[in-house]
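Bear in mind the structure is a predicted one, so any value in this text is a computation, not a measurement. In what follows, every heavy atom counts, from backbone to side chain, and hydrogens, waters and symmetry copies are set aside. Numbers restart at 1 for each chain; the letters A, B, ... are given by sequence-line order, proteins then strands.
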Amino acid sequence: MPELPEVETIMSLVKRRLTNKKVIKCKVLNSKLRWPIETRKFKVLENRTIKSVKRRGKYILIEFELDKVILIIHLGMTGVISFANNHVYKRHKHDHFLLFFNDFIFVFNDIRKFGSIHITKDISNMFLIKNLGVEPLSKKFDENYLLQLSKNRLCSIKEFIMNQKIVVGIGNIYATEALFLSKIHPKMKAKYLTLSKAKSLVSNIKDVLVQAIDMGGTTIKDYVNADGKPGYFTQKLNIYQKKTCPIHKNNTVKNIKISGRSSFFCNLCQREEL
DNA sequence: CTGAGATCCTGTCTGC
DNA sequence: TGCAGACAGGATCTCA
């Protein structure tokens, strides 16, 4: 499900809610997620206070005081975080993980179990984190960076910008939208990226992500933030799951599969398939 | 180091 | 109404 804007939105709400709060109890209801939850490790969270909440790529990082213990959460496709009132909480299907606080419960729910929860004391060496690429909204992500890494890549440009080892946080929706805005065919080989296309792509990726964050993300099917609210960037989508091109209004949007994912594009706007 | 393809899991929608 | 098959905001692993 969530890409950078959705994770950022959720992270902000979690941050507001959990900073300086002490975990009373931690409960694993189901450890069988994408990576098994190592239940025994989680005892150390009890009676500890949360110092800060951050985001790295599509991961939410919850940092505790002392010992640099960090709780890492990935939402996969269908992960949802919510807060339940202590007295009202009733276990829902697919609730997997709970953190009890004085006056509420932090709930992690995930229908498809593609999400995961980890705990680490050494974030920079954590296997899921250590090989992540640059943050797309940082200065490091520019046309030179993209051009440099794409030089000899035979994979499509869409796969390339969705590759979390290159740049983090971009998933199917925002990759699709940014490529449309830059008039690049999603199947074009990454190695054929030019300086001007790279410039345009970087700038459109940043724009799309910033706008989407401002609007609380994109809700396609069932995404909601930690307050149960949808994202409103859905209204701004140009091409993702659209029938016709917003520019060539009579032209049907093409939908092809690129490494198993739906890829929407306008064959008149995005011509150069090489 | 690349890239293609299978795989994890559940729910919903479409078409016969 | 039933049922099979496709599809869904992701990312890793295996193998060539």
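- Ring geometry for F265(A) against H185(A) counts as tilted: the plane angle lies between 30° and 60°, on a 0 to 90° scale.
- Taking atom CZ of R34(A) as the reference point, atom P of dC9(B) lies 10 Å away to the nearest angstrom.
- Within the 4.0 Å cut-off from OP1 or OP2 of dA8(C), at least one side-chain nitrogen or oxygen of K257(A) is found.
- The CD1 atom of I161(A) sits 13 Å away from the P atom of dA11(C) (whole-angstrom rounding).
- One interatomic measurement links the two molecules: CD1 of I220(A) to C1' of dC7(C), which rounds to 13 Å at whole-angstrom precision.
- Where T218(A) and Y59(A) meet DNA chain C, the nucleotide closest to each residue was compared, and T218(A) sits on the side nearer the 5' end.
- Put simply, the side chain of L201(A) reaches to within 4.5 Å of the side chain of L179(A), judged on heavy atoms.
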Start with the C-alpha gap between F104(A) and L18(A), add the side-chain angles, then the distance that decides, and say whether side chain to side chain contact (heavy atoms under 4.5 Å, CB included) holds. CA-CA 10 Å; F104(A) 64 91; L18(A) 298 194; 3.7 Å; yes
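- Distances shown here put every side-chain N or O of K221(A) at or beyond 4.0 Å from the OP1 or OP2 atom of dT12(B).
- Residues S182(A) and N204(A) bring a donor and an acceptor atom of their side chains to less than 3.5 Å of each other.
- Atom pair L237(A):CG and dA8(C):P shows a separation of 15 Å (rounding to whole Å applied).
- Classified by interplanar angle (parallel below 30°, tilted 30° to 60°, perpendicular above 60°), the ring pair F42(A)/F97(A) is perpendicular.
- Contacts between residues 162-172 of chain A and DNA chain C, defined by a heavy-atom separation below 4.0 Å, involve Q164(A), G171(A), N172(A), listed by number.
- Taking the side chain as every heavy atom from C-beta outward, H94(A) and N109(A) approach each other to under 4.5 Å.
- The side chain of W35(A) lies closest to dC13(C) when the candidates are dA11(C), dC13(C), dA8(C).
- Residues N172(A) and K158(A) form a side-chain contact, since some pair of their non-hydrogen atoms from C-beta on lies under 4.5 Å apart.
- Under the side chain to side chain donor-acceptor pair (under 3.5 Å) criterion, the residue pairs touching residues 49-58 of chain A are E8(A)-R55(A), S52(A)-E63(A), K54(A)-E63(A), R55(A)-E135(A), R56(A)-E135(A), with sequence neighbours excluded.
- Using a 4.0 Å heavy-atom cutoff across all strands shown, L33(A) reaches no nucleic acid atom at all.
- Among residues at least two apart or in separate chains, side chain to side chain donor-acceptor pair (under 3.5 Å) pairs with a member in residues 11-31 of chain A are N30(A)-H96(A).
- In this structure, L4(A) atom CG and dA11(C) atom P are separated by 11 Å, rounded to whole Å.
- Residue-level contact check: F233(A) touches neither bases nor backbone, having no heavy atom under 4.0 Å from any strand.
- Within the 4.5 Å cutoff, side-chain heavy atoms of F106(A) are placed close to those of I73(A).
- Near DNA chain C, meaning a heavy atom under 4.0 Å from it, residues 109-121 of chain A has R112(A), F114(A) in order of number.
- H94(A) has its NE2 atom 20 Å from the P atom of dA8(C), to the nearest Å.
- Pairs of Watson-Crick or G-U wobble type, with distances under 3.5 Å, assemble into runs of 3 or more in DNA chain C at these ranges: B:2-8 with C:10-16, B:10-16 with C:2-8.
- Donor-acceptor pairing under 3.5 Å is lacking for the side chains of E3(A) and Y223(A).
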How far apart are the C-alpha atoms of Y174(A) and E6(A), what are their side-chain angles, what is the distance that settles it, and do they pass the side chain to side chain donor-acceptor pair (under 3.5 Å) test? CA-CA 11 Å; Y174(A) 300 108; E6(A) 293 77 35; 2.6 Å; yes
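- The OH-C1' distance, from Y223(A) to dG11(B), rounds to 20 Å in whole Å.
- Separating the NZ atom of K32(A) from the C1' atom of dC8(B) is a distance of 13 Å, rounded to the nearest angstrom.
- If you take atom P in dC3(C) and the same atom in dC9(B), they sit 24 Å apart, rounded to whole Å.
- A salt bridge does not link R34(A) to D110(A): none of the charged nitrogens lies less than 4.0 Å from a carboxylate oxygen.
- Toward the 5' end of DNA chain B, the nearer of the two residues C155(A) and K93(A), judged by each one's closest nucleotide, is C155(A).
- Across residues 200-213 of chain A, not one residue has a non-hydrogen atom less than 4.0 Å from an atom of DNA chain B.
- Ring orientation note: the planes of Y145(A) and F141(A) are nearly perpendicular, at an angle over 60° on the 30°/60° scale.
- Grouping the Ile, Leu, Val, Met, Phe, Trp and Tyr side chains by contacts below 4.5 angstrom, directly or via other members, places F64(A) with I81(A).
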